[in-house]
There are 2 protein chains.
Amino acid sequence: MSEGVEWALHTCLNLTWVETDEAMTAARLAAFYELPTAYLNKQLQALARAGILTSTPGPRGGFRLARRPEHITLLDVVTAIEGPGEAFRCEEVLRKGPGGRAGVDYRKACVVSQAMRQAELAWRKELAGQTLADIKETVERRAPRTPASTRDWLAGRRP
Amino acid sequence: MSEGVEWALHTCLNLTWVETDEAMTAARLAAFYELPTAYLNKQLQALARAGILTSTPGPRGGFRLARRPEHITLLDVVTAIEGPGEAFRCEEVLRKGPGGRAGVDYRKACVVSQAMRQAELAWRKELAGQTLADIKETVERRAPRTPASTRDWLAGRRP
DNA sequence: GACATGTTACTCGGATATCCGGTGTCCGAGTTCGAGAGG
DNA sequence: CCTCTCGAACTCGGACACCGGATATCCGAGTAACATGTC
């Protein structure tokens, strides 16, 4: 799985702690974890295309969450970065076999493909059941100072 | 996910239908799906190293299942090909952040990492719950002629 | 006919190229802010 | 003092290199089977 997924998740989480009326630049968000700015920008663009973030150009521009954290699941973020394709992509190897028929869609008919799809479905379901708000709440319960310190750091006021 | 996983799964499934006392060469198994022989051989080596297959060199040599299909899960095959590492590998980005501590193992402490791990655990659990025998049984119920035709084809007796 | 033996052909196994997607970087299009001149 | 205009700086957005791992291939080590010669 791509490295950018981790960056995207943590960055989106950080965005839940900044004021919703001010946008955060890719440079500021990247500096938080000492990440390469341009590359994180690329990931943020993908999140914007997926409708998870909104981007505004020009001075005072940057990124902000497009909707409330309760309505952003981990699956949304992962899909935005990794793409909609499945991890196990059935290449329909059965078609080349001696019993292969031309008109059959082996992506649906193949038992192996079905089993792998079912497993991936369980994975997706687990990710879809966790929202950014859930993560945020858990973090705040374990480290109550995180929201204030993160907000202050991103606003430029180092503690 | 690697392409070889699909090949390995189908090949192992085919091996459940051949006589257990005769080994199948990589060339024969590859020809079944018109796959590149040498590359499939590489995957079969990985399965042998994982203890799923046994390999015997020389004439009349080849590969056979190391244990009964009931004791080979889909997770075993996937792990043998993809390696034991997790798809989402936490790089502990929090360590580089302003609140990062040196002595903390963020692979276990990070909430994001925990959520991703939990999802991957669900995926693994689903794969571990399906054995080659389950797949075999389902296929035989849907296409009863598959065992005989596969065994005959692999034995060199084309129908 | 049975057995020992050398040869041969066959198989896996690892070492070796090649290709593609993720990784990383850069510069241009578009926008907003602010300064400054004019009324 | 207010407003309009112009310029400039800042931001995202997409286009351009780079690299590691998956993909694909080949040849050598080892072994079982067979043919052959001998007892």
Side-chain angles (χ1 to χ4, degrees), chain A residues 1-8 11 15 21-31 33-66 78 80-89 91 93 154 156, chain B residues 1-8 11 15 21-31 33-66 78 80-89 91 93 154 156:
Chain A
M1 180 171 311
S2 177
E3 172 73 16
V5 172
E6 185 179 5
W7 301 357
T11 300
L15 281 175
D21 56 351
E22 55 181 335
M24 275 295 142
T25 77
R28 191 74 59 89
L29 292 167
Y33 293 122
E34 299 179 11
L35 301 177
T37 302
Y39 191 32
L40 178 64
N41 187 22
K42 196 182 184 67
Q43 317 288 357
L44 297 178
Q45 287 176 33
L47 292 172
R49 273 194 295 270
I52 296 173
L53 303 182
T54 59
S55 65
T56 59
R60 297 287 295 169
F63 295 92
R64 69 193 76 186
L65 289 180
V78 171
I81 303 296
E82 288 287 297
E86 305 195 346
F88 177 86
R89 51 198 158 81
E91 293 294 339
V93 73
L154 287 175
Chain B
M1 181 172 310
S2 177
E3 172 73 16
V5 172
E6 185 179 6
W7 301 358
T11 300
L15 281 175
D21 57 350
E22 55 182 334
M24 275 295 142
T25 78
R28 190 74 59 89
L29 292 168
Y33 293 122
E34 300 179 10
L35 301 176
T37 302
Y39 190 33
L40 178 65
N41 187 21
K42 194 181 184 65
Q43 317 288 355
L44 297 178
Q45 287 177 33
L47 292 172
R49 273 193 297 270
I52 297 173
L53 303 182
T54 60
S55 65
T56 59
R60 298 286 295 170
F63 295 92
R64 68 194 78 185
L65 289 180
V78 171
I81 302 296
E82 288 288 296
E86 306 195 344
F88 178 86
R89 51 198 158 80
E91 293 294 338
V93 72
L154 285 175

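We name chains A, B, ... by the order of the sequence lines, and we start the count at 1 in each one.
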First locate atom CG of B:L65, then atom CD1 of B:I52, and finally report the distance between them rounded to the nearest 0.5 Å.
-> 9.5 Å
Distance (rounded to the nearest 0.5 Å) between A:L29 CG and A:W7 CH2 = 13.0 Å
Rounded off to whole Å, could you give me the [atom1]-to-[atom2] distance for the [X] and [N] pair?
X	N	atom1	atom2	result
B:L29	C:dT11	CG	P	12 Å
A:E3	D:dG21	CD	P	13 Å
A:L40	C:dC26	CG	C1'	16 Å
A:E6	C:dG22	CD	P	17 Å
B:L53	C:dT11	CG	C1'	15 Å
A:R60	D:dT11	CZ	C1'	13 Å
A:M24	D:dC12	CE	P	11 Å
A:L35	C:dT23	CG	P	12 Å

Give the intermediate values and the outcome of side chain to side chain contact (heavy atoms under 4.5 Å, CB included) for residues A:L47 and A:T11.
-> CA-CA 11 Å; A:L47 292 172; A:T11 300; over 6 Å; no
May I ask you to evaluate whether A:S55 reaches the phosphate of D:dG13, defined as a side-chain N or O under 4.0 Å from OP1 or OP2?
-> yes
Think A:T56 has a side-chain N or O under 4.0 angstrom from the OP1 or OP2 of D:dC12?
-> no
Which pairs pass side chain to side chain donor-acceptor pair (under 3.5 Å) with one or both residues in residues 40-57 of chain B, sequence neighbours excluded?
-> B:Y39-B:Q43
For a quick test of your reading: what N or O donor-acceptor pairs under 3.5 Å do the side chains of residues 21-28 of chain B make, sequence neighbours left out?
from  : atom 1 : to     : atom 2 : distance (Å)
B:T25 : OG1    : B:A27  : N      : 3.4
B:T25 : OG1    : B:R28  : N      : 3.0
B:R28 : NH1    : B:L154 : O      : 2.5

Among C:dT23, C:dC12, C:dT25, the one nearest any side-chain atom of B:P57 is C:dC12
For B:A27, answer base if it contacts any base atom (sugar-phosphate contacts may also be present), sugar-phosphate if it contacts only those atoms, and nothing otherwise; contact means non-hydrogen atoms under 4.0 Å.
-> nothing
Quick one: label A:A26 by what it contacts on the DNA or RNA (base, sugar-phosphate, nothing), any heavy atom closer than 4.0 Å.
-> sugar-phosphate
Heavy-atom closest pair (A:F63 atom, A:L15 atom, distance to 0.1 Å) is O-CD2, 4.1 Å
Search all heavy atoms of A:I81 against all heavy atoms of A:G4 and return the closest pair with its distance.
-> CG2-C, 4.2 Å
Would you list the protein and nucleotides 14-17 of chain C atom pairs, both N or O, that sit under 3.5 Å from each other?
from   : atom 1 : to    : atom 2 : distance (Å)
C:dG14 : OP2    : B:Q45 : OE1    : 3.3
C:dG14 : OP2    : B:R49 : NH1    : 3.2

A:A31: what forms a side-chain contact (heavy atoms from CB on, under 4.5 Å) with it, not counting sequence neighbours?
-> A:W153
Under the side-chain hydrogen bond (donor to acceptor under 3.5 Å, both in side chains) test, which residues partner A:R89, sequence neighbours left out?
-> A:E91
Polar-atom pairs under 3.5 Å, protein N or O versus N or O of nucleotides 6-9 of chain D: list them with distances, or write none.
none

